[in-house]
Amino acid sequence: MEGNNFTDEELSSDMEFDLDPCFINTKYECLRPTPLKPKYNQCLVELLEVIEHARELNGEERNALSYRHAIAALKAYPRNIESYAEARKIIGIGPKIGNHIKEFLTTGTIPEAEEINASEKYQTLDIFSRVYGVGYKTARKWYQKGYKSIRECMKDPYLTHVQRLGLELFDDFQKKMSRQDIQEILDILNKVIKTMYPDCMITPVGGYRRGKEFSGDLDVVVSHPQETVANNLLKDIVEILINKGHLKHKLFYGQPSAKNKKDVPSELISSHKNIMDNLDKCFCAFIQPSTRICRQVDLIIAPYSQYPTTVLGWTGSKQFERSIRNFAKKEKKMTFASHGLFLNVVPRRRVCVTSEKDVFDILGIPWVEPEMRNC
DNA sequence: AGGCAATACG
DNA sequence: CGTA
DNA sequence: GCCT
C-alpha cells in the first residue's frame, strides 16, 4: 500500500465501480420500489428474462429464482449498469449472472439468451406452457411426444378436463386486454354484484392494479362487511353471471367446504372462530360483450376481516409476494399469506389488520405503491 | 449445507 | 404430483 | 444460482 497515496475521495470516486447511492441494495425486493417499465437496463433485463423462463421450462425453479432476484434488482436500479464490478456489488448478482452481464456490456447481447430464442424446442415449450392447465411438466411431455402445435395437442388422449378447456380457449386467452377492455368487464361485475349486494366491495387486483397497460387475465377480490352474507357470495355471484349469459366456463371453482381436517393439533391457528377461512375462488371464462372474446376472470371472495391481506396477496407481483412472505418469516418471525398475517410465537396468533398499509407498518416495510411492486 | 412463499384443488 |  |  505504501506509495499509493490515494485519498478516500479518489478511491471511492470511481463512479464506474460504485453502486448508485439511491439504490436500495437488498435481497428483499419488497423493500424498494420497482417500476413496471424501468428507464434503465431494459435490454439486459429482457435477455435475462429469456434465460429465466428457459430455466423454468426446464424445471430448474431455484435457478430461475436466482435470475428473478437479479432481474428485479436491475429493474429497480436507477441508472444503466456500466461495469462488471458495478453489477457484482448488487445483492443477487453473483459470478454466473455477473458474467452474462459482462458479455452483454462488451457484445450488446447474451449468447445463451440468443441460443434460447433461436431454439425451436424453447419456442414450442413456451407456447405449450401458456395453455391454462399446463405447466412445464406437461409442456415437456407434449414436446417429447412430438407435438408441434396447439392443434396437435388437442388430439392427445390423456387431456385433463381443464387442459381441454385451456386448449379450446387458447386463442382467446392469448389476446391481451387493454385497460379499457378490463374496465368494461369491471363495470358489468360492479353492476351485477351490487344490484344483489349493495354493500359489496369489489377491488381489481393483479397486473391491472400494478398499472399494466395490457393484461392476460383479470383478478377481482370481492368482500362484504357482513360475514354471514359473505357466506354464499361466490355461489350467488357465479349463478347470476351464468344466468345473465356472461360466464361461459368455470375453469376452477373452489368453495370453503367446512373441512379443516387433518392432524390439526386443534384449536390453535386463530384466536377467532375463523378456521374455515379458506378463500373461495372461481376462475372463469367471461364473455366480453363488445368483442365476444372469452376473457379469463378470476373471482376471489374474502371474509371482510381478511380483505386487506387478500388484496395485498393478489396484487403481486409474484416476486413481490414471495419477497414479503420471506421477509415476514426471516426478519419478523411472522407469516404472511392472503388469508392473514400471523405472529409465530407459541400459540400462533393472528395479527388483526384493517388496511393494506397496516401490513406494511406491522412488518416494518416502507409503503410501496401497487404500481411499484413490479419486481 | 440449507434455504429459497404459501396453500388448495383435482 | 402438477397447477394456479 | 445466490445468500447466509
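All of these numbers come straight from a predicted model, not from anything done at the bench.
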| When you compare D:dC3 with B:dA5, how far apart are their P atoms, in angstrom units rounded to a whole number? | 15 Å

| said: Under 4.0 Å, counting only non-hydrogen atoms across every strand here, what does A:K330 touch: a base, just sugar-phosphate, or nothing? | reply: sugar-phosphate

| said: Taking only side-chain N and O atoms of A:T138, does any of them lie within less than 4.0 angstrom of OP1 or OP2 on C:dT3? | reply: yes

| request: Mind checking A:V134 for me? I need base, sugar-phosphate or nothing, with any heavy atom below 4.0 Å counting as a touch. | output: sugar-phosphate

| request: When you get a sec, tell me which of B:dC4, C:dT3, B:dA6 is the closest nucleotide to the side chain of A:N326? | output: B:dC4

| task | Take atom P in C:dA4 and the same atom in B:dC4, then report the distance between them in whole Å. | result | 23 Å

| said: Taking any heavy-atom pair under 4.0 Å as a contact, classify A:I97: base, sugar-phosphate, or nothing. | reply: sugar-phosphate

| query | So which heavy atom on A:V220 is nearest to which on A:V205, and how close? | reply | N-CG2, 4.3 Å

| query | Does A:R32 use its side chain to pair, donor to acceptor, with the backbone of A:T26 at less than 3.5 Å? | reply | yes

| Taking atom C1' of C:dT3 as reference, at what distance in whole Å does atom CD of A:Q296 sit? | 12 Å

| Just how far, in rounded Å, is P of B:dA6 from CG of A:L341? | 12 Å

| field | Euclidean distance, atom CG of residue A:L57 to atom C1' of C:dG2 [Å, nearest integer] | value | 15 Å

| Does A:Y122 offer a backbone N or O that forms a donor-acceptor pair with the side chain of A:D126 under 3.5 Å? | no

| What are the two closest heavy atoms between A:L343 and A:M334, and how far apart are they? | CD1-CG, 3.6 Å

| What integer distance in Å separates A:Y158:OH from C:dT3:C1'? | 21 Å

| said: Just the rounded figure in Å: distance from P of C:dG2 to CG of A:L251. | reply: 21 Å

| Just how far, in rounded Å, is P of D:dC3 from CD of A:E331? | 15 Å

| said: Looking at A:R322, I'd like to know whether one of its side-chain N or O atoms comes within less than 4.0 Å of OP1 or OP2 on B:dA5. | reply: yes

| task | Taking A:H249 for its side chain and A:L251 for its backbone only, find out whether a donor-acceptor pair lies under 3.5 Å. | result | no

| Is it true that a side-chain atom of A:R88 and a backbone atom of A:I93 form a donor plus acceptor pair closer than 3.5 Å? | yes

| query | Contacts to DNA chain D from residues 61-74 of chain A, heavy-atom cutoff under 4.0 Å, which residues? | reply | A:R62, A:N63, A:S66, A:Y67

| remark: Checking B:dA6, D:dC3, C:dT3 against the side chain of A:I91 (C-beta onward), the nearest is D:dC3

| task | Round to a whole Å and report the spacing from CZ of A:R130 to P of C:dA4. | result | 14 Å

| According to a strict under-4.0 Å criterion, is A:K329 in side-chain N/O contact with OP1 or OP2 of B:dA6? | yes

| request: For A:R325 and B:dC4, give me the distance from atom CZ to atom P, rounded to whole Å. | output: 13 Å

| said: So, does A:K27 get its side chain near the phosphate of D:dC3, meaning an N or O under 4.0 Å from OP1 or OP2? | reply: no

| request: Could you tell me which non-hydrogen atom of A:I182 sits nearest to which non-hydrogen atom of A:D217, and how far apart they are? | output: CD1-O, 4.5 Å

| field | Any donor-acceptor N or O pair under 3.5 Å, side chains A:D181, A:Q288 | value | yes

| Choosing from C:dA4, D:dG1, C:dT3, which nucleotide comes nearest the side chain of A:K137? | C:dT3

